[in-house]
S.K.: 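Got a structure for you, questions after.
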Amino acid sequence: MWNLSTDLKPTERIALSDEIRLPRPDQMTAPGVQHHFCEHPGCGKHAGWGFARPKQTPHWFCFEHRSEGERYL
């Protein structure tokens with residue numbers, strides 16, 4: 001069993017390999033509903049379809065223009 005000092009701040013404590021590491025607040029999306037709007041020129045409707053490759057910025061489209069999002073996959 002490891003004996004970790006309680007004098008250390010949480011950020012100074014050494015993480016063990018079996019500990020769960022939560023994302024830092026600067027890496028998280030703000031809580032609540034995220035509102036996205038269609039990226040088709042002149043549309044501006046609510047966009048419920050997001051398209052992106054891993055670690056890329058998502059592009060959002062409405063139901064009518066969702067086929068345009070395929071190029072971002």
Side-chain angles (χ1 to χ4, degrees):
M1 189 87 187
W2 290 85
N3 184 9
L4 298 175
S5 173
T6 57
D7 296 334
L8 295 175
K9 295 177 186 175
T11 56
E12 295 174 334
R13 204 175 112 219
I14 299 170
L16 301 177
S17 63
D18 61 343
E19 289 185 355
I20 297 172
R21 296 178 189 193
L22 299 175
R24 294 180 184 169
D26 59 335
Q27 298 171 340
M28 294 175 53
T29 303
V33 176
Q34 302 296 314
H35 299 282
H36 303 285
F37 298 96
C38 184
E39 294 182 17
H40 179 80
C43 182
K45 292 181 183 177
H46 173 74
W49 283 264
F51 299 86
R53 290 192 172 130
K55 299 184 180 182
Q56 298 295 320
T57 304
H59 296 272
W60 296 89
F61 295 92
C62 67
F63 179 78
E64 294 175 34
H65 302 114
R66 69 188 185 281
S67 62
E68 295 179 27
E70 297 292 326
R71 64 182 166 185
Y72 296 105
L73 297 177

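Reckoned from all heavy atoms, side chains included, excluding hydrogens, waters and symmetry mates. In this text, all values refer to a predicted model and were calculated from it rather than measured experimentally.
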S.K.: His40 and side chain to side chain contact (heavy atoms under 4.5 Å, CB included): which single residue from Lys45, His65, Glu64 fits?
M.R.: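 That would be His65; it is the only one of Lys45, His65, Glu64 passing the side chain to side chain contact (heavy atoms under 4.5 Å, CB included) with His40.
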
S.K.: With a 4.5 Å heavy-atom cut-off, do Phe61 and Tyr72 have their side chains touching?
M.R.: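 Phe61 reaches Tyr72 side chain to side chain.
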
S.K.: Determine the minimum heavy-atom distance between Phe37 and Ala47, stating which atoms define it.
M.R.: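 Taking every non-hydrogen atom into account, C-CB, 3.5 Å.
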
S.K.: Quick check, are the ring centers of Phe63 and Trp49 under 6.0 angstrom apart?
M.R.: yes

S.K.: Only one of Gln34, His36, His46 forms a side chain to side chain contact (heavy atoms under 4.5 Å, CB included) with Trp60, so which one is it?
M.R.: His36

S.K.: Taking the ring centre of each residue, are Phe51 and His59 less than 6.0 Å apart?
M.R.: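 When the ring centroids of Phe51 and His59 are compared, they turn out to be at least 6.0 Å apart.
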
S.K.: Identify the heavy atoms of Cys38 and Cys62 that sit nearest to each other, and give their distance.
M.R.: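 The pair with the smallest heavy-atom distance is SG-N, 3.5 Å.
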
